[in-house]
Amino acid sequence: MAKTLVQEFTKGLWAEIPPFRLVLGLCPTLGVTTSMKNGLGMGLATTFVLVFSNILISLMRNLIPSKVRIACFIIIIATFVIVVELLMQAYTYALFQTLGVFIPLIVVNCIVLGRAEAFASKNGLLASTADGLGIGIGFSLSLASLGAVREIIGTGTFFGHSLFGPNYEPFTFMVQAPGAFVALGLMLCMMNLIGKK
Amino acid sequence: MREMIKMVVVLTVLSVVSGGLLAYLRTATAAQIERQELEFVKGPAIRQILEGATNDPVNDRFKIDVDGKSHSFFVGVFDGKPNTVVFEVAGKGFADAIGLMVAVNVETDKLAGVAVTTHKETPGLGAQAKEDPAFAAQFVGLPVDQPVKVSKDGGSISALSGATITSRGVCAAATDALSQYRELKPRILEHVQRFQQ
Amino acid sequence: MGYFELIVSCILVNNILLAQFLGNCPFLGTSKKMETAVGMAMAVVFVLVLAGVITWIAYTYLLVPYDLVYLRTIAFILVIAALVQFVEMFLKKSIPVLYAGLGIFLPLITTNCAVLGVCIINIDKEFTFMQTLVSSFAYAVGFGLALILFAGVRERVLLARVPRPLQDTSIGLVTAGLLSLTFFAFRGMV
């Protein structure tokens, strides 16, 4: 039992890490990763929703009639998204402002609904929690690393601290819209290279 | 039929619980959210412009209603005299709206400083409007009866390198603020008197 | 802002896919073949205009008067989900020809964040009813334009020899980056 729980958790960190292995949730991945801090914040907000909706859906899986299950999932997920919205406004206001429209859009993040449908509605409480945490943390790590790469190259800073001194001419392409696609594409390519070995 | 009733019951209960939870959370966080807004978005900008004031400008504020919308004004006391007011205006940047705090000295009718509050400009380029103190410093001491312009348009502000549109946006917002100030000056003076120490 | 500026801004400058990054899952998912891309684009135009208008009405006449603005996210997603269901049933019964073309894309649209995103943007920018109508349509056209252009490019990429690790999604993203770069040229125009 303990071993499978660990497996459910760790698969989100490598074997099924979104958005690289599980190509879902691309919008926030591209939209907010202009810096490591934004990426990490977005990832953690998504993790919160993912874990709690997984827990609740797993607990209610025998109560929810299958015909209206998607509607029920959406209500549960949307509730937790609003919880995150309110909490972020109350305690991390600046970050909430930068992430903007992408916080309410967690509702339609395919990762969250996908995990609810494919995992939480069929598995027990502990397994669903582990699954939510794993996928969530994996997603946060991906966003943070993509954010870090774009921030280092694009503005010459890391987590807000200057890295290369004032003489570094930032390659601002990386923090602008087209750079997002290219950076993610190249990171995906690197993941494929490492994975193939 | 039984299934039908179950569907309706589950959906209703779910919606009611979700609504109740959110309503509670919203009341619980409302005060904190307002405080955050003042503290994080407006607070630092106000304190930055009114450096050296002997009062706490974030607390000393009054409201004026213009066309049904209420605008907040913050008062700075220097040498025992409440002679500076700060208020926020919105301008159009490269990516999205820019919030700009503008301070005006009511005795000399001169700009006492500006500071960007909210923006979504490109990090390293347009975002410098907020981060580069030299850019904001150029606005200090400009007269209130002339439009503020970048040097390309025949004004005195040298634009941020690579971010002419952001710079123009900030100038336009400042010009806007000044005409608002000229219009409201009698009413502003009335309120300011109350903060005499 | 005039309507012309609004249209140019929504289609080109702030293109929903390439500048705002909304709706990227169907962007990569349905762009491998021109046919599916055209179908998806049409379905999005159809639903987005309806959703934009209906959510605007719901927000202005229901949420605001009853002080329920904080429930916006949940209200909008339910409206969109119900709308998509309804459109699907309506098309199936009344216009089977259109249903045959759009049917399979409709369920995907509920979770297309471009739809919910545009509805939220319309509210955040405090648009009037007409502006909402125009911007929803223009955003949807922008979505269709980018998707169809991208599908055209991608069909060509299929014929090229791409190094193995770069294949499929990876090269797709880099291509999207180049397309985004062309749209980037419109920035600052409005």
Side-chain angles (χ1 to χ4, degrees), chain A residues 19-21 23-33 70-71 73-86 89 100-114 117 173-174 176-196, chain C residues 14-29 70-78 80-82 85 107-121 123-124 162-184 187:
Chain A
F20 295 115
R21 293 272 187 245
V23 188
L24 292 173
L26 286 176
C27 306
T29 309
L30 293 164
V32 302
T33 51
I70 300 290
F73 295 165
I74 288 179
I75 294 180
I76 292 172
I77 293 169
T79 308
F80 285 114
V81 170
I82 299 182
V83 170
V84 168
E85 266 185 84
L86 287 170
Q89 253 177 306
V101 72
F102 287 101
I103 295 291
L105 285 180
I106 296 176
V107 164
V108 284
N109 189 325
C110 325
I111 298 175
V112 183
L113 196 60
E117 166 80 4
F173 171 76
M174 285 304 260
Q176 284 162 341
F181 287 104
V182 175
L184 185 63
L186 293 181
M187 272 184 82
L188 201 62
C189 167
M190 263 154 70
M191 290 280 291
N192 287 342
L193 264 182
I194 300 167
K196 287 277 147 54
Chain C
N14 291 316
N15 185 281
I16 189 90
L17 281 170
L18 299 171
Q20 312 251 30
F21 303 115
L22 299 175
N24 274 295
C25 295
F27 182 53
L28 288 162
Y70 64 101
L71 289 180
R72 181 178 75 176
T73 312
I74 199 167
F76 281 17
I77 188 70
L78 289 177
I80 292 170
Q85 282 274 303
L108 287 174
I109 287 186
T110 313
T111 51
N112 180 343
C113 48
V115 178
L116 183 61
V118 168
C119 296
I120 293 175
I121 291 172
I123 301 297
D124 275 349
V162 178
R164 278 202 74 182
L166 259 172
Q167 267 167 14
D168 209 22
T169 319
S170 185
I171 190 77
L173 281 163
V174 176
T175 318
L178 295 178
L179 197 59
S180 169
L181 199 61
T182 42
F183 274 74
F184 200 68
R187 279 242 156 162

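A note on names: the letters A, B, ... follow the listed sequences, proteins ahead of strands, and every chain is numbered from 1.
Contact of the A/F181 side chain with the C/L179 side chain is not registered, since no non-hydrogen atoms from C-beta on lie closer than 4.5 Å.
Here the shortest heavy-atom pairing between C/G117 and A/V101 reads O-CG2, 4.4 Å. Smallest separation of non-hydrogen atoms from C/S180 and A/A177: OG-C, 3.8 Å. Counting all heavy atoms, side chain and backbone alike, A/L193 lies closest to C/P165 at CD2-CG, 3.6 Å. The two residues C/F21 and A/G31 make their nearest non-hydrogen contact at CD1-CA, 3.3 Å.
Looking at C/L18, the atoms closer than 4.5 Å to chain A (heavy atoms on both sides) sit in the backbone and in the side chain alike. Only the backbone of C/Q20 comes within contact range of chain A, with at least one heavy atom under 4.5 Å from a heavy atom of that chain. The contact between C/L181 and chain A is made by backbone and side chain atoms together, counting heavy-atom distances below 4.5 Å. Of the two parts of C/L17, only the backbone, made up of N, CA, C and O, holds a non-hydrogen atom closer than 4.5 Å to a non-hydrogen atom of chain A.
If you tally non-hydrogen atom pairs under 4.5 Å between each of C/L178, C/V174, C/L28 and chain A, the highest count goes to C/V174. For the set A/L184, A/T79, A/L186, the count of heavy-atom pairs under 4.5 angstrom toward chain C peaks at A/L184. Contacts with chain C were tallied for A/L30, A/L188, A/V182, A/L26; A/L30 has the most, counting heavy-atom pairs under 4.5 Å.
Considering CD1 of C/I120 and CZ of A/F102, their distance stands at 10.5 Å, rounded to 0.5 Å. Here CD1 of C/I16 is found 9.0 Å from SG of A/C27. Values are rounded to the nearest 0.5 Å. The CD1 atom of C/I77 lies 9.0 Å from the CG atom of A/L105; values are rounded to the nearest 0.5 Å.
Crowding of A/E117 atom CD: a count of heavy atoms from other residues, nucleotides or ligands under 6.0 Å exceeding 12.
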Apply side chain to side chain contact (heavy atoms under 4.5 Å, CB included) to residues A/I75 and C/I74 and explain how you reach the verdict. CA-CA 7 Å; A/I75 294 180; C/I74 199 167; 4.2 Å; yes
